[in-house]
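Contents: one structure, followed by commentary.
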Amino acid sequence: MRPKVTSSFRMQMVFSIFGIFTLLVISTTYILFSTIRIQNIINSSFQKERYLRSIQEALTAYQEPLLEYLSTRSSNALARHLIESQTLRNRIPANIPISRDQSLLREREVYHLIDAFLELAEQAVELKRGRDVEGYTRLYDEMMDLLSYINHETESLSTERFRNQVDQYGVFINNSRTVLQWNLVFIVCISLFSIFLLFRSVEKMTEPMVRLSAMASELSAGNFSIEDIKTSSIYEIDRVVEAFNQMKHEIRQYIEEIRRQEGIKQDYMQARMRNLKMEGLVRRMEIYTLQAQMNPHFLFNTLNTGMQLAIVEGAERTGEYMEYLALLFRHNIKNKESIVPLRYEIEGLTYYFYILKVRFPKNLDLVLDYPERLLDTCKVPVAILQPLVENCVVHAFKNKEDVGSVIVRVEEKEPYIELSVSDNGCGMDEEQIHSLLHPVPVEESSPRIMGLENVIQRLYFFYPEDPEVITIQSMPGKGTTITIRIHRGKEPCIVS
Amino acid sequence: MPGLIFLCCATFRSKGILECVKIFVRLGMIICGFLSLITLSVSVSQLLKLDIRQEDDITVAPIYHFSIYLPDTQDSFFTAIKRGAEKAAEEQNVVVSYHSIDPVRLELQQASYTGVDGVAICPYLDDLFAKTQIEKIVQKQIPVILINHLILHDQPWPYIGPNSFDIGRKMGTLLSRLGNEPIRLAIVYSKKAPGIYAERELVEMGLTSSIGNRLSTSIKSFYTGRNPLDAEMVMYRLLREEPEINTLVFTDANDTIAATQALIDMNLVGRIRIIGFGNEKSIIEYIHKGVIAGTIAINPERIGYQAIKSLYELKATGYTSTSVNTGVEILDRGQS
């Protein structure tokens with residue numbers, strides 16, 4: 001785009017200086033004009049009197065050629081008379097308006113009297129030509145009376161006007177002094193205005209430069225979020241401002257790109273760390289499982305032998321017990337999956353409950369409550385209920401004399417499935433609950449891990465985004481309820 | 001200005017010195033620009049109004065210019081005539097200039113050359129002089145009317161003023177109301193009342209016709225000049241030379257007041273009855289006190305008013321009433 005000539009730095013400076021100069025010249029011209037007008041008014045105040053007086057003098061001078069002609073009938077005198085007469089007539093205003101001002105009325109009368117005097121003079125000359133001596137002599141006498149009256153009226157009028165003007169002159173002087181005072185205030189104000197205008201122009205031209213330097217300081221300090229500098233009306237500065245703004249934008253975009261890449265890298269590193277931790281946990285679980293699977297075939301064979309022996313000897317109850325024990329062991333070792341249908345988990349728990357009922361027929365009451373429809377539709381991490389029940393049996397009823405109760409309940413609370421294990425045992429204090437729910441990192445924990453802790457850690461690993469996947473409500477002496485809450489729509493976080 | 005400083009300080013605290021200076025410059029520019037415009041406007045308006053002369057108001061230009069020629073005196077009678085003339089002039093949209101009828105001043109002699117549209121003349125002392133000048137004016141086709149005093153002439157010059165015979169008759173009527181005793185009467189004429197003075201015969205005829213045979217002696221006449229204190233001197237002379245006089249009639253307000261005061265000074269109240277002239281406040285008070293029996297009042301303001309109206313008619317239409325009687329009033333204790 002072609003720059004406008006008027007928006008260049010040089011032209012702006014020229015305009016500013018020329019504008020202020022013009023303003024001051026106009027102001028000074030007005031002051032001069034007002035002073036000249038005051039002088040003109042003073043000058044014109046006596047103009048009418050001077051004019052009337054000049055006519056009066058001309059009228060007096062006019063007597064000489066008239067009298068000369070009336071006395072001598074000289075053609076030269078007649079010519080002078082005619083010229084003077086015509087000159088006087090031309091000087092009398094043609095149409096004098098009637099005024100309400102008494103002095104103007106008197107002036108009007110004076111002009112009429114002068115006109116009448118000239119008429120009489122014409123008549124006297126005519127009578128002289130006609131040699132009517134008596135006529136022009138009488139007219140001359142009348143003219144002298146009239147001239148005397150005109151002179152008297154003119155003097156009287158001038159005196160009266162002068163007397164009136166003396167008072168008005170005082171008022172005029174006061175008024176003109178007021179005008180001059182206002183002019184002084186005006187010139188002071190306009191000078192201040194010009195100074196401020198000059199400041200404004202300088203500021204307008206230098207402001208973008210100041211902002212540029214401020215922005216440069218900010219950028220050098222690493223602050224790239226500052227606002228763009230606004231463009232001015234000066235072309236050269238606008239070019240610099242635009243280039244600077246563009247440079248700032250590009251640097252900011254570049255830095256943002258670097259930051260974004262750094263963020264991605266950090267996320268990747270975190271994910272990798274987490275995977276490493278899970279791998280460690282998995283390895284430890286595998287060790288745990290292997291420990292639990294010690295010589296399973298020997299145990300199965302032994303249990304089968306014991307079961308057959310019990311049937312041969314007619315001990316059917318013992319045989320049944322041995323059978324359930326074998327089912328439980330088989331159930332525990334046959335599955336290699338991390339996530340199993342709920343039915344599988346409930347099935348294992350059923351075996352385990354039978355064994356517990358045989359072990360504690362009188363002092364343990366076990367309840368398993370679940371809706372049938374959820375068993376095949378819901379999946380849960382493997383081996384999460386049995387360790388909790390085992391934990392109750394081992395720890396909750398240590399010092400308890402009466403019948404212990406363990407209730408395992410499955411409920412659907414959309415969008416969650418809620419598995420709870422409640423007992424009426426000795427309960428836990430807050431510190432215990434807190435230490436259970438906030439376990440030490442895997443790498444710092446002891447190799448031998450408790451069943452409950454194992455469950456908690458696994459749940460946290462499978463559902464890292466849900467800190468309330470497992471909760472414990474307990475008070476010392478009031479029993480304990482451990483609740484596992486699994487979101488049905490979310491897949492567990494499983495390491496492939 | 002305090003607001004500007006406060007604003008600058010507040011800005012300085014919040015935004016720093018640069019913003020503060022910027023606001024100061026902008027506000028200063030606005031305020032100074034505004035003040036410059038105001039002062040320039042005031043200066044220009046004052047400059048345009050500046051003039052030594054009073055400009056004539058020509059919004060409604062007067063139609064005619066009339067002149068009134070009056071005796072060269074500041075008497076209240078003539079002041080009232082001028083007041084009435086001004087009132088009529090304003091109504092008719094004309095202007096009036098006033099001149100002296102005194103021959104020495106040459107004003108009436110030059111009246112025909114002044115370019116006026118009409119002349120009203122109050123003849124004074126010298127009827128012949130007045131008549132000559134009026135004829136000169138009429139020759140120039142300038143309308144003329146007479147006021148307050150009629151000059152006998154073969155031309156029907158319009159007249160505005162009281163009827164002198166009527167004045168005398170009213171004086172007689174007033175005297176008739178005062179009692180039935182014989183009247184030894186003296187009339188004091190004055191140069192201050194030229195109209196009555198010029199028509200004194202008519203006044204005495206009216207008086208005689210009214211009081212009839214109650215006059216026990218012939219009517220004596222006395223004269224005062226233009227000095228308002230002349231009446232006092234006349235009073236002393238009258239009492240010395242004409243001690244039988246029991247009734248005095250005055251034809252001028254100033255004479256009435258001066259003579260009444262002299263009567264009080266001489267302790268002759270009750271012995272000589274005074275018929276005054278004019279309706280001045282002091283005369284009315286004397287009537288209330290019983291010092292003056294009554295007074296004859298004419299309305300000079302109406303004379304002035306009617307004079308201008310008649311001149312306007314004469315100039316505009318060429319016709320007006322030949323005579324307008326402005327009336328005479330009697331004021332005594334019962335009516336004042």
Side-chain angles (χ1 to χ4, degrees), chain A residues 27 30 33-34 37-38 41-42 44-45 48 96-102 104-106 108-113 115-117 119-120 142 145-146 148-150 152-153 161 164-165 168-169 171-172 175-176 178-179 182-183 185-186 188-197 199-200 203 207 210, chain B residues 18 21-22 24-67 89-90 93-99 105-107 109-117 136 140:
Chain A
S27 310
Y30 170 71
F33 163 75
S34 62
R37 178 169 161 76
I38 289 170
I41 290 170
I42 294 170
S44 67
S45 63
K48 282 189 174 179
I96 310 158
I98 300 172
S99 169
R100 293 187 189 283
D101 181 11
Q102 284 294 324
L104 290 175
L105 272 182
R106 287 186 70 184
R108 182 175 183 270
E109 287 182 0
V110 167
Y111 283 128
H112 277 286
L113 289 170
D115 193 51
F117 180 84
E119 286 288 334
L120 288 177
E142 195 171 341
D145 287 345
L146 184 54
S148 167
Y149 182 64
I150 288 169
H152 175 264
E153 279 296 288
R161 278 185 173 166
N164 290 340
Q165 284 179 14
Q168 288 168 11
Y169 190 73
V171 176
F172 170 78
N175 290 343
S176 57
T178 307
V179 170
W182 277 110
N183 285 352
V185 177
F186 168 66
V188 168
C189 289
I190 205 74
S191 301
L192 285 174
F193 176 76
S194 302
I195 291 168
F196 280 122
L197 194 63
F199 272 123
R200 177 79 185 100
E203 178 198 306
E207 188 188 14
V210 173
Chain B
L18 281 176
V21 168
K22 193 188 288 182
F24 180 75
V25 167
R26 285 184 184 175
L27 282 176
M29 200 169 75
I30 291 167
I31 291 167
C32 288
F34 191 62
L35 284 176
S36 301
L37 285 176
I38 290 174
T39 50
L40 180 64
S41 308
V42 173
S43 173
V44 169
S45 65
Q46 292 274 334
L47 193 66
L48 292 176
K49 283 194 287 185
L50 207 60
D51 200 356
I52 292 179
R53 292 176 181 278
Q54 295 290 324
E55 288 298 323
D56 188 30
D57 180 16
I58 53 167
T59 48
V60 183
I63 304 169
Y64 299 129
H65 173 196
F66 297 134
S67 290
E90 196 176 333
N93 190 27
V94 299
V95 287
V96 183
S97 60
Y98 302 96
H99 295 274
R105 300 277 297 270
L106 292 176
E107 292 186 25
Q109 292 93 314
Q110 311 301 339
S112 57
Y113 302 129
T114 53
V116 293
D117 298 303
K136 192 175 162 187
K140 294 274 187 179

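Within every chain, numbering begins at 1; the chains are lettered A, B, ... in the order of the sequence lines, protein sequences first and strands thereafter.
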inquiry  = For a quick test of reading the model, state the closest non-hydrogen atom pair linking Gln102(A) to Val96(B) and the distance between them.
reply    = NE2-O, 2.8 Å
query = Which distance, rounded to the nearest 0.5 Å, do you find between the OG of Ser97(B) and the CG of Leu104(A)?
reply = 12.5 Å
message = Need one label for Thr178(A): side chain, backbone, both or neither, based on atoms under 4.5 Å from any heavy atom in chain B.
response = side chain
request  = Report the C-alpha separation of Gln109(B) and Asp145(A) in whole Å, then their side-chain angles, then the decisive distance to 0.1 Å, and conclude whether the side chain to side chain contact (heavy atoms under 4.5 Å, CB included) test is met.
outcome  = CA-CA 9 Å; Gln109(B) 292 93 314; Asp145(A) 287 345; over 6 Å; no
task = Could you list the residues that satisfy ring pair (Phe, Tyr, Trp, His ring centres under 6.0 Å) with Tyr64(B), not counting sequence neighbours?
result = Phe66(B), Tyr312(B)
ask   = Could you walk me through whether Asn93(B) and Arg100(A) pass the side chain to side chain contact (heavy atoms under 4.5 Å, CB included) check?
value = CA-CA 10 Å; Asn93(B) 190 27; Arg100(A) 293 187 189 283; 2.5 Å; yes
ask   = To the nearest 0.5 Å, what is the distance between SG (Cys189(A)) and CG (Leu37(B))?
value = 10.0 Å
ask   = By a 4.5 Å heavy-atom criterion (distance strictly below it), what part of Tyr111(A) contacts chain B: side chain, backbone, both, or neither?
value = neither
query = Tyr113(B): what forms a ring pair (Phe, Tyr, Trp, His ring centres under 6.0 Å) with it, not counting sequence neighbours?
reply = none
ask   = Do Leu35(B) and Leu192(A) touch side chain to side chain, with heavy atoms closer than 4.5 Å?
value = no
task = Identify which of Val94(B), Val44(B), Val116(B) forms the greatest number of heavy-atom pairs closer than 4.5 Å to chain A.
result = Val44(B)
key: Side-chain (Arg37(A)) to main-chain (Leu47(B)) donor-acceptor, under 3.5 angstrom   = yes
key: Options Gln46(B), Arg105(B), Lys49(B), Arg26(B), ranked by heavy-atom pairs under 4.5 Å with chain A, top entry   = Arg26(B)
key: Atom group of Ile63(B) that falls short of 4.5 Å from chain A, counting heavy atoms   = backbone
message = Could you go through Phe196(A) and Cys32(B), starting from their C-alpha distance and side-chain angles, then the distance that decides it, and tell me whether this counts as side chain to side chain contact (heavy atoms under 4.5 Å, CB included)?
response = CA-CA 8 Å; Phe196(A) 280 122; Cys32(B) 288; 3.7 Å; yes
ask   = Hey, does the side chain of Glu109(A) reach the backbone of Ala111(B) with a donor-acceptor pair shorter than 3.5 angstrom?
value = no
query = To the nearest 0.5 Å, how far apart are OG1 in Thr114(B) and CG in Leu105(A)?
reply = 10.5 Å
key: Contact class of Leu120(A) relative to chain B, heavy atoms under 4.5 angstrom   = side chain
message = For a quick test of reading the model, state the closest non-hydrogen atom pair linking Met29(B) to Phe193(A) and the distance between them.
response = O-CD1, 3.2 Å
note = Heavy-atom nearest pair, Trp182(A) first then Ser43(B), reads CB-CB, 4.0 Å
ask   = Heavy-atom distance under 4.5 Å to chain A: side chain of Lys22(B), backbone, both or neither?
value = both
key: Most chain B-contacting option - heavy-atom pairs closer than 4.5 Å, from Phe199(A), Phe33(A), Phe186(A)   = Phe186(A)
query = If you tally heavy-atom pairs under 4.5 Å against chain A, which of Ile30(B), Ile38(B), Val21(B), Val25(B) wins?
reply = Val25(B)
ask   = Which pair of non-hydrogen atoms, one from Ser99(A) and one from Pro62(B), has the smallest distance, and what is that distance?
value = C-CG, 4.4 Å
request  = With rounding to the nearest 0.5 Å, note down the distance linking CZ in Arg106(A) to NE2 in His99(B).
outcome  = 7.5 Å
query = Does any heavy atom of chain A fall under 4.5 Å from the side chain of Ser67(B), the backbone, both, or neither of them?
reply = side chain
